Amino acid sequence: MLDSVDNETLPFGGPVERLTRPWRTTLAAELDAVPGLAPDERALVLAAGSEALVQSLHAKLSRVFLIELHARRLTAGAAGDAEIWADYLEEATREGYLTSIEGRYPVLPRRVERVARSSVAAVAGFAARLAADRPAFDEALRGPLRAVVFGRGDTHRGGLTVSRVDVGAGTIMYKPRNSAIDVALAALIRDVYAQFPGAPGPAERIRVPRVLLRDGYGWADYVEPRYCADERELGVFYRNIGHWLAVLRLCGGTDMHAENMIAAGPVPVVVDAETLFDAPAEFPASGQGDAVDVATASIRRTVLRTGLLPVRGTGYALGGVDISGIGALPGQQPRIPAPVIADAGTAAARLEVDLVDVPAAGNHPSPKPVLHAHWDRVLEGFQEMTAHLRRLDTRPGGDVHHLLRHFHGVEARRILRPTQAYVDIGRMLWHPASLHDEAAAIERGRDILLRNAQVLHGAPQDRPTIDAEIADLLAGDVPLFSFTVDDAAVAASVADWRGADLPFEESIIQDALVGAYLNERTLPSRRQYPAHEPHCRDRDRRRRALAARLVRQLCDGGVRGADGTVTWISPVFTPAGWSIRVLPADLYTGQGGVVLTLAEYLAEVRAGRADEVAGVQECFDGALKVLRSVEELTETPSAGAFSGAASQVWTWLALHRVLGWDWLPERAAERAGLFSDGRMIAEDREVDLLNGVAGAAVPLLGLAATGRPEWLPVAAAVGNRLVELAVHEDYGARWPTRLNPEGIGGFAHGATGIGWTLMRLALSDAGTAAERATWRELAERAFAYQEWLYRPEEGNWFDARIGSEEDFFTSWCHGSAGIGLAALDLHRRTGEQRWLEMAGRAARASAAEGFGWSHTLCHGDMGMWEMLDAIRQAEPSWDGPDRDEIDAELLTGLEQRGPVGGLAREAFSPSLMSGLAGVVHGLLRMHPEQRLPSPLLLD
């Protein structure tokens, strides 16, 4: 029996426990009828089953209890909140309470009965199977039942759920589904390694748990998570991840997320392999250009589908969450919204959405996994296993079809909708309003599922299937779709594998691991690789040759459509973090930055300052078409100057400066229309220059300067929003952002960039005189916070990000280069000497670290070159590196190492701020007569 209820975690546990008593009595009777169970074992199963039922119904019924509590409060007169709570809880715990409120919720008793019946049947079925199968267990597992935990995952098909069972001297997992697919995958792995020269030893090979197979269910070995003992084991683990990627690519594996993989020392064990041979659904044309459709289809076919590689989720509940098999890294996960009961124990109790930590899984091989240190091992493992499988595919007497023979006739699962969609709809169907009018709620559920299918290609749209999904959700189950693996499924998977573009697959693996690395808040030590014997002889010829080579590489890396459109696939920066995507429209890692660079190159060729390269014009034309269509047909996620709406405004203004086409300012004004209703500014939570509302001001001021003063009030609204969001301290003002809630310094994400924005507004015609005075005062406080972070002994500004306590960056985004450029811009506009002094400190900090970490605009040599060249021009007494020195370092370093992205290392990125386009842009700006716009200051 369930003797007690935890009233802290289950505030309405008492009432729920009372209404489940009849079902517990039924369960007890069914357990008594199971032969082969000792009395204490029956008691254990009864207690565990009762607890699972109470927890399940508590989650479903809490909102009903809350609304009835509030109704009681309205008629309670002078009674206190605690007294009202106690009286209501006493009433709700009485026998027959459910019947007493049936008039308001007519389907509630029937719904509860269905959930309870399913739970009783599932638990009793487990007990009968345990008793019958125990003699077939390993000897160590044939002893008495010691514990059982139901609900180790979602419930399916009548309350069935994976369960952990402590029996005899060990532990085993009960899987109430057909487990033949696990046995088949184990056989495939055995056959593959049998002919694999140089494979890891048998104890260090990828595997799935051993399964005792029964009709429709199975008992699987329990896998205990264990961290790797040393670097050697870590290397084996990540090489094995590459092996898994290759094997899963062959057999169409998906959904290998963090909870489906256990790190058992050097062995990544896939503990739930039910989603194999799952062909990706065909997508209809996006309307954004054939190149976008080709690129999207290419990504969906790659190893990214497996779920093992890091990828960020989208949507309300899981926005920014990485649930991948080797991702879900500690310190990277955002907190996710979850319903909680606030003020329990009082009549003011209510349901609130709180942010909670993503539960930890057992998928990591170390307490603080560092993917960037092992991505070469992952790639090596994928390459060697893929090469081995290719050899097996050409052997006499049987190709890979023979390897996959074990899967014929087994049942596999097909995931047609995200589980989170079912969770959300299930909550809606158990809402008090839905229990009051079930027919209307069901119709709402049908409509949501149908609209979901219209954007989630492959999801069912037919009425019978949707009705079956709703029927499952009404009973508290997550719908499950399955199919039988046949010759056609195997042949389709093999054909897809044989047609894979292996270099592209390898770049996807590297890019995915880079994306996880870029999301880390704790970065590794930066290693400088200064140029060997740098020189600036024959400077312009070398600059032109490098620019021509890299722009050719940029064009060659594009995905081209039959309609002439061009786009790229790359790790891109989104408000949710870094993720592999077809390029979005933005400036930072998106299509806008690449289009601008191609336009600049063409303009410099016409001016005689760059060498002509075949195909650049066609690439620009195709990329420009995609930029326009992506802007118009996809949602703009934020306000920011580099990843949001303001980035689009600035890109079109910058293109006008480069190309001079008359229609470009009007296009910029069209994109500024995203700010027209005020919501993007008033509701912004990103805040910073790169992603948030702070980034909107300067592009809007630039738009107003084209003869469109109607945008000045919108720019003023940005300044006033920054006033609202400021956090004032004794040492100055800072701005908590979604990405950096601690409120940091620096240009892209912190107080320097926001202070610079406010000062630019204060120097403009936007707002009233009083508003401009307020913005100026707040800007001064922002710079006061920046100066509070300055450490004279280090000669640099402290990086306030949590996880970077001892670091002092020199980059544009977080460090001295961005601080120096902001100060030089304000000196140019005000003539105040203090800005030049600040810029001098920043330049000395940058020069002290020197060149050689990366070549990017955002966090590398190109951004540093820009700042050091600017200080040289602004400060006659500058005694740091001169133009010859910085040109020599940059040109020689690029010749010797090629373009390196720093955080991204050698992974290809076409982007302006963190990739190849930015290097081309920087090389073009090195010519003394160029007049190209600089994104670093949004000029």
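Keep in mind that the numbers below use all heavy atoms, side chains included, and drop hydrogens, waters and symmetry copies. In this text, all values refer to a predicted model and were calculated from it rather than measured experimentally.
- Contact annotation: the side chain of V112 approaches that of L61 to within less than 4.5 Å [non-hydrogen atoms, C-beta and beyond].
- In this model, a donor atom of one side chain and an acceptor atom of the other lie less than 3.5 Å apart for D477 and T155.
- Under a 4.0 Å N-O distance rule, the pair E724/R721 qualifies as a salt bridge.
- Residue H70 places its NE2 atom among more than 12 non-hydrogen atoms of other residues, nucleotides or ligands, all under 6.0 Å distant.
- Using a 4.0 Å cut-off between charged side-chain N and carboxylate O, D472 and R157 make no salt bridge.
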task: Verify side-chain hydrogen bond (donor to acceptor under 3.5 Å, both in side chains) between Y88 and E83, making sure each step is shown before the conclusion.
output: CA-CA 9 Å; Y88 173 70; E83 182 183 355; over 6 Å; no
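- When side chains are defined from C-beta on, V148 counts as touching F126, because their heavy atoms get closer than 4.5 Å.
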message: D81 vs R73, test: side chain to side chain contact (heavy atoms under 4.5 Å, CB included). Steps then yes/no.
response: CA-CA 8 Å; D81 280 354; R73 188 186 192 190; 3.3 Å; yes
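- Taking 4.5 Å as the limit, every side-chain heavy atom of V687 sits out of range of all side-chain heavy atoms of P736.
- Within 6.0 Å of CD in E95 there are 12 or fewer heavy atoms belonging to other residues, nucleotides or ligands.
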- request: Start with the C-alpha gap between Y105 and D437, add the side-chain angles, then the distance that decides, and say whether side-chain hydrogen bond (donor to acceptor under 3.5 Å, both in side chains) holds.
  value: CA-CA 8 Å; Y105 315 104; D437 188 349; over 6 Å; no
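- Because its NZ or CZ atom is not both nearer than 6.0 Å to the ring centre of Y97 and within 45° of the ring axis, R18 does not count as a cation-pi partner of that residue.
- Counting only heavy atoms from C-beta outward, the side chains of P109 and R114 never approach each other to under 4.5 Å.
- Here the side chains of T171 and R164 are in contact, with some heavy-atom distance below 4.5 Å.
- The existence of a salt bridge linking E224 and R226 is excluded, since no basic side-chain nitrogen approaches an acidic carboxylate oxygen closer than 4.0 Å.
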Full working for side-chain hydrogen bond (donor to acceptor under 3.5 Å, both in side chains) between D688 and W735: CA-CA 8 Å; D688 66 20; W735 283 262; over 6 Å; no
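- Under 4.0 Å is where a charged nitrogen must lie from a carboxylate oxygen, and between R801 and E742 no such pair does.
- Residues R134 and E41 are paired through a salt bridge, judged by an N-O separation under 4.0 Å between the basic side chain and the carboxylate.
- The closest side-chain donor-acceptor pair between Y217 and D133 falls under 3.5 angstrom.
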message: Between F12 and W85, is the ring-ring contact (aromatic ring centres under 6.0 Å, His included) condition met? List the steps.
response: CA-CA 10 Å; F12 297 108; W85 170 274; 5.2 Å; yes
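- Inter-residue side-chain proximity for T161 and H156 is flagged as unmet; no heavy-atom pair is nearer than 4.5 Å.
- Judged by distance alone, the side chains of R129 and Y174 do bring a donor and an acceptor atom under 3.5 Å apart.
- L145 places a side-chain heavy atom less than 4.5 Å from the side chain of V45.
- Both tests pass for R111 against the ring of W430: distance under 6.0 Å to the centre and angle within 45° of the axis.
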- request: Test side chain to side chain contact (heavy atoms under 4.5 Å, CB included) on H749 and L739 and set out the steps.
  value: CA-CA 8 Å; H749 301 292; L739 192 64; 3.7 Å; yes
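- Side-chain atoms of H58 do not come within 3.5 Å of backbone N or O of V16 as any donor-acceptor pair.
- More than 12 heavy atoms of other shown residues, nucleotides or ligands fall within 6.0 angstrom of atom CD in E438.
- A 6.0 Å sphere centred on CG of D462 holds more than 12 heavy atoms belonging to other residues, nucleotides or ligands.
- Between the side chain of R350 and the main chain of A348, a donor-acceptor pair closer than 3.5 Å is present.
- In this structure, D182 pairs ionically with R177, as a charged nitrogen and a carboxylate oxygen lie closer than 4.0 Å.
- R417 places a side-chain N or O within donor-acceptor distance of the main-chain N or O of L449, the cut-off being under 3.5 Å.
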